[in-house]
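Count residues from 1 along the sequence. Note: hydrogens, waters and symmetry copies are ignored here, and every other heavy atom, side chains too, is used.
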Amino acid sequence: MDTKNPIHTFHIPVMGLAYTIDSPIRVAHYGISSVVSIIDDDIIEKMHLFYSKKFHFSYEGISTKIHDYRAKRITAYLDMIDDVVKQKFDAFKQELAESKEALENYLAMLPNKSEMKQSLQNFLNDGKAAKETIKNYLETHLSPGNIDVNIMTKVDKDNFIKNEQLPVIFNDAHASLRGFANSKLTSSVVLSAGMNPRLYSYFESFTDFYPDANGELKKKIILKVSDFRSAMIQGNFLAKKGLWVSEYRIESGLNCGGHSFATDGFLLGPIMEEFKQKKDQLIQSAHELMIKALAQKEMPAPEKPLSLKITVQGGVGTAEEHDFLLEYYDVDSVGWGSPFLLVPEATAVDDATRALLAKSEEKDFYTSQISPLGVPFNTVKGTTNEALKLNRIANDKSGSSCPKKLLALSKEFSEQGTCTASRKYQDIKLEELSAQKNQLSEVEFDKRKTKITEKACLCVGLVNAAYMENGIKVKGEEQGVVICPGPNLAYFDKVVALADMVKHIYGNASVLGKINRPNVFINELKMYVDYLKKEITEVTNESTTSQLKKLQAFKNNLLDGIEYYEKLFTETSFFKKNSAVIEDQLNSYKNTVVSIEIPQLEIA
């Protein structure tokens, strides 16, 4: 097992179904870790063919008629990525040893406090260091970035052959997990979107997730979480099965890309503080449960707890914010997602969509209801998918032909599931709505119609950019591109080279636009205040006491978070340049939250 320390202090999280589908091939040889979504076996198969041709590998197509084709496609693609990364990494090491210019360029991309950067700089300064000496150093210290994978736990649709339901292990998320488990990768699976006990239990089927006799894990589990309580519950659930969570990846509830899962008013700073204070509790609790479970299974149990990392992502945009999170909260890595959508060397995005992202401003980024999962979804105005969808609605042809059915999770009209973005589903709902037209006001009718027709086909929309960028023909009904950047991307206004983005992260350059960008914590606070105000506008006479109590708790948690920030920004040595602005913004939001009245709370 590779025990070399990570080279970089940032990682590229998963984005959409395909924006990071080949990111390891693009960036892993530089030591940059990234995450591939493995839920869509169709694009995985097409990308496997594309890269097999590009790197002259043999390719055997895996037909949908083959038993367990989903898992087999995923395994084959991940194995191929591993081969490509190793090939590129070996070539890169050779280039660094032989080319002074290549070594200088790479040094400029390394963290300033990196021991490797200092050592390699010494070789350069020496001028007499033999190529063999540099090569041996690189061999000992340099390692590629991780080829990690993501499974969105809720995307676990039942699958059928004709009308016969297949066993649970052939559900989408289960098959994806099996595909990763059977691959030759030594890396991690990132589980997002909450707990799926059935899927979590399936991990027990694969020995790679258990520690070996030396306490090493071939494959690791990363949980994306939004608070400490959730981390403890999920970590202990897995520990009772003898499984260790190697990393908790904390993500801002609202200041992120893709689906947004608002917390109950808990802000990122206080959440990070709790992880900082209680990390040992997290480790000890899971360790005790894990060794008991391993003893019952008669498997090797490590005497000491295994390594546990805490990482964070969501809305980070400057080197100062990056360094603060690393140093103050003692995190192991910081996720930089949306800004990398503007880096052609790192992500799969077509030129037109990249240009749209570069020119879009704060007002263009918004939280939509387009996701068939029924969860708020961050996106940007002006996508080709939006234009095509509106055109279909205008022509009374709303909905998608639904070729992939990954989100066909509604059992309202069929045991096999229907996607709420599909034409089939929307036709039925619109017919039901038409029958009620005489009982509804025009405003209410239009509101309900929009709620039905606004859903977008994410399965196709989120992969089209990768097809278009790589010149892969897009078949079927035209859906255009759906893209899901976080609102933080509003402050980045141009397409950027990989080296320049990495230098920006480490404070050696700036790629930010001229727009005045709020501090990451302030920006998230604004989103939560806006969220609370919106929730209150939706209170009706039918709202329950528990719903109103929840809003009151949300308000109280926001006020606690603001109080935490008032103390934090006073005590920290970071952010001093903008301290007066931050103080004014905190006061303003505090006054706003205090003035918000929770309606009808007295009926509790």
Reference residue Trp336; test side chain to side chain donor-acceptor pair (under 3.5 Å); the match among Gln313, His504, His322, His11: His322

Worked check of ring-ring contact (aromatic ring centres under 6.0 Å, His included) between Phe569 and Phe575: CA-CA 7 Å; Phe569 286 118; Phe575 312 123; 5.8 Å; yes

Minimum heavy-atom distance Met195-Ile233, with the two atoms named: SD-CG2, 4.4 Å

Donor-acceptor contact present, side-chain Ser579 to main-chain Lys576, <3.5 Å: yes

Side chain Tyr506, main chain Thr9, donor-acceptor under 3.5 Å: yes

Minimal non-hydrogen separation, Asn378 against Cys256, with atom names: ND2-O, 2.6 Å

Ser398 and its side chain to side chain donor-acceptor pair (under 3.5 Å) partner, picked from Gln426, Arg392, Lys455, Lys449: Gln426

Check: Asn196/Asp156 side-chain N/O donor and acceptor closer than 3.5 Å: yes

Distance-minimising heavy-atom pair for Leu406 and Cys459: CB-SG, 3.4 Å

Sidechain-backbone polar pair: Ser368 side chain, Phe377 backbone, donor-acceptor under 3.5 Å: yes

Distance-minimising heavy-atom pair for Val155 and Ile39: O-CD1, 3.5 Å

Aromatic ring proximity, centroids under 6.0 angstrom, Tyr589 and Tyr565: no

Donor-acceptor contact below 3.5 Å, side chain Ser588 vs main chain Asp584: no

Shortest non-hydrogen contact between Val496 and Met501, atoms and distance: CG1-N, 3.7 Å

Pairing of Glu320 and Lys577 as salt bridge, 4.0 angstrom limit: no

Atom pair CD1/CG of Ile310 and Asp330 - distance to nearest 0.5 Å: 9.5 Å

Glu442 atom CD: more than 12 heavy-atom contacts under 6.0 Å: no

Lys451, NZ atom: more than 12 neighbouring heavy atoms under 6.0 Å: no

From CG (Leu409) to CG (Leu373), nearest 0.5 Å: 6.0 Å

Straight-line distance of Gln547 CD to Thr540 OG1, nearest 0.5 Å: 7.5 Å

Donor on one side chain, acceptor on other, Ser338 and Asn488, under 3.5 Å: no

Pair Lys429 + Glu432: basic N to acidic O under 4.0 Å: yes

Closest non-hydrogen atom pair between Val481 and Ala465, with its separation: CG2-N, 4.0 Å

Under 3.5 Å donor-acceptor, Thr383 side chain and Val482 backbone: no

From CA spacing to verdict: side-chain contact (heavy atoms from CB on, under 4.5 Å), Glu247, Ser188: CA-CA 9 Å; Glu247 178 184 331; Ser188 305; 5.8 Å; no

Enclosure of Glu538 CD (heavy-atom neighbours >12, cutoff 6.0 Å): yes

Working for side-chain contact (heavy atoms from CB on, under 4.5 Å), residues Leu282 and Lys278: CA-CA 6 Å; Leu282 201 60; Lys278 297 180 179 177; over 6 Å; no

Check: Asn150 side chain, Val35 main-chain N or O, donor-acceptor pair, under 3.5 Å: no

Interatomic spacing from OH in Tyr19 to CG in Leu462 - rounded to 0.5 Å: 5.5 Å

Asn556 and Gln552 side chains, donor-acceptor separation under 3.5 Å: yes

Pair Lys526 + Asp530: basic N to acidic O under 4.0 Å: yes

Glu524 side chain to Gly315 backbone, donor-acceptor under 3.5 Å: no

Cation-pi check, Lys424 onto Phe413 ring (under 6.0 Å, within 45° of axis): no

Polar side chain donor-acceptor pair, Asp227 to Ser230, under 3.5 angstrom: no

Salt bridge flag under 4.0 Å for residues Lys381 and Asp364: no

Side chain Lys220, main chain Ser246, donor-acceptor under 3.5 Å: no

Side-chain donor or acceptor of Asn171 paired with backbone N/O of His174 under 3.5 Å: no

Over 12 foreign heavy atoms within 6.0 Å of CG, Asn516: no

Greater than 12 external heavy atoms within 6.0 Å of Lys437's NZ: no

Spatial distance of atom OG (Ser400) from atom OH (Tyr425) [nearest 0.5 Å]: 14.5 Å

Lys550/Glu535 salt bridge by N-O under 4.0 Å criterion: no

Under-4.0 Å salt bridge between Lys567 and Glu563: no

Arg354 versus Thr347, side-chain donor and acceptor atoms under 3.5 Å: yes

Pairing of Asp264 and Arg229 as salt bridge, 4.0 angstrom limit: no

Under 3.5 Å donor-acceptor, Lys494 side chain and Gly513 backbone: no

Residue Gln439 excluded, over 12 heavy atoms near CD under 6.0 Å: yes

Atom pair CG (Asp40) and CG (Leu17), whose distance is rounded to the nearest 0.5 Å: 6.0 Å

Stepwise side-chain contact (heavy atoms from CB on, under 4.5 Å) check, Leu357 with Ile483: CA-CA 9 Å; Leu357 295 177; Ile483 196 152; 3.6 Å; yes

Residues Thr153 and Tyr200: side-chain donor-acceptor under 3.5 angstrom: no

